[in-house]
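Start at 1 with the first residue, then count along the sequence.
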Amino acid sequence: MRDDHQPERSVRPPNATNPLGTNRAVVTPPIDDVFELLSNDCRRRVCLFLRRTGIEVATLSDLVDALAPDASDEERERLAINLHHRHLPKLDEAGIVDYDPRSNTARYWGQPTVEKWAEHVEAVDDGPQAES
């Protein structure tokens with residue numbers, strides 16, 4: 001449920017190019033939406049994988065292979081189901097990817113704000129751990 005007082009998503013002019021060089025407008029989600037999206041490790045890893053590999057279109061299998069290369073078949077199936085039903089539709093709704101559930105493909109257009117915060121969270125998570 002959205003707050004009626006939240007600002008509309010800003011969109012670059014149609015003639016602007018996004019980070020991948022296409023003419024599709026880059027949607028900048030509100031910061032609260034960015035933090036909600038990135039609050040989930042799986043969605044963060046999907047965003048980082050797509051950004052780092054430069055893959056414009058990834059299949060569900062590509063994402064499962066990247067996120068859980070050493071997982072059992074059962075764990076991979078569970079991840080595929082979660083990606084298909086929860087995480088990719090949520091990223092699609094926010095305008096981060098275009099997910100086609102019929103072909104199980106996600107097209108990534110680039111989203112600098114999401115990428116920046118995902119990398120920041122990863123750096124903090126991977127940083128030195130405080131001793132208890």
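- Side-chain contact between Val34 and Leu38 is present, with at least one heavy-atom pair separated by less than 4.5 Å.
- Checked by atom type and distance alone, the side chain of Asp62 pairs as donor or acceptor with a backbone atom of Thr59 at under 3.5 Å.
- Ion pairing between a basic and an acidic side chain is recognised when a charged N comes within 4.0 Å of a carboxylate O; Arg76 and Asp65 show such pairing.
- Leu83 contributes atom CG, which lies 6.5 Å from atom CG of Leu67 (distance to the nearest 0.5 angstrom).
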In sequence, state the C-alpha distance, the side-chain angles, and the governing distance for Leu60 and Thr105, and then conclude on side-chain contact (heavy atoms from CB on, under 4.5 Å). CA-CA 6 Å; Leu60 189 59; Thr105 56; over 6 Å; no
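- Note that CZ of Arg45 is 7.5 Å distant from CG of Leu79, once rounded to the nearest 0.5 Å.
- Using a 4.5 Å cut-off on side-chain heavy atoms (C-beta onward), Leu63 and Phe49 make contact.
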Residue pair Val46, Tyr108: steps toward the side-chain contact (heavy atoms from CB on, under 4.5 Å) verdict: CA-CA 10 Å; Val46 165; Tyr108 183 64; over 6 Å; no
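- Summarising the geometry, atom CG belonging to Asp73 is positioned 11.5 Å from atom CZ belonging to Arg78; distances are rounded to the nearest 0.5 Å.
- For the pair His87/Asn40, a side-chain contact is recorded, criterion being any heavy-atom separation below 4.5 Å from C-beta on.
- At least one donor-acceptor pair under 3.5 Å links the side chain of Arg43 to the backbone N or O of Glu36.
- Using modelled atom types, no side-chain atom of Asp98 and backbone atom of Arg107 make a donor-acceptor pair closer than 3.5 Å.
- Hydrophobic cluster membership is shared by Leu91 and Val64, with clusters built from Ile, Leu, Val, Met, Phe, Trp and Tyr side chains linked at under 4.5 angstrom.
- Here the side chains of Asn82 and Cys42 are not in contact, with every heavy-atom distance at 4.5 Å or above.
- Note that the CG atom of Leu88 and the NZ atom of Lys90 stand 12.5 Å from one another [nearest 0.5 Å].
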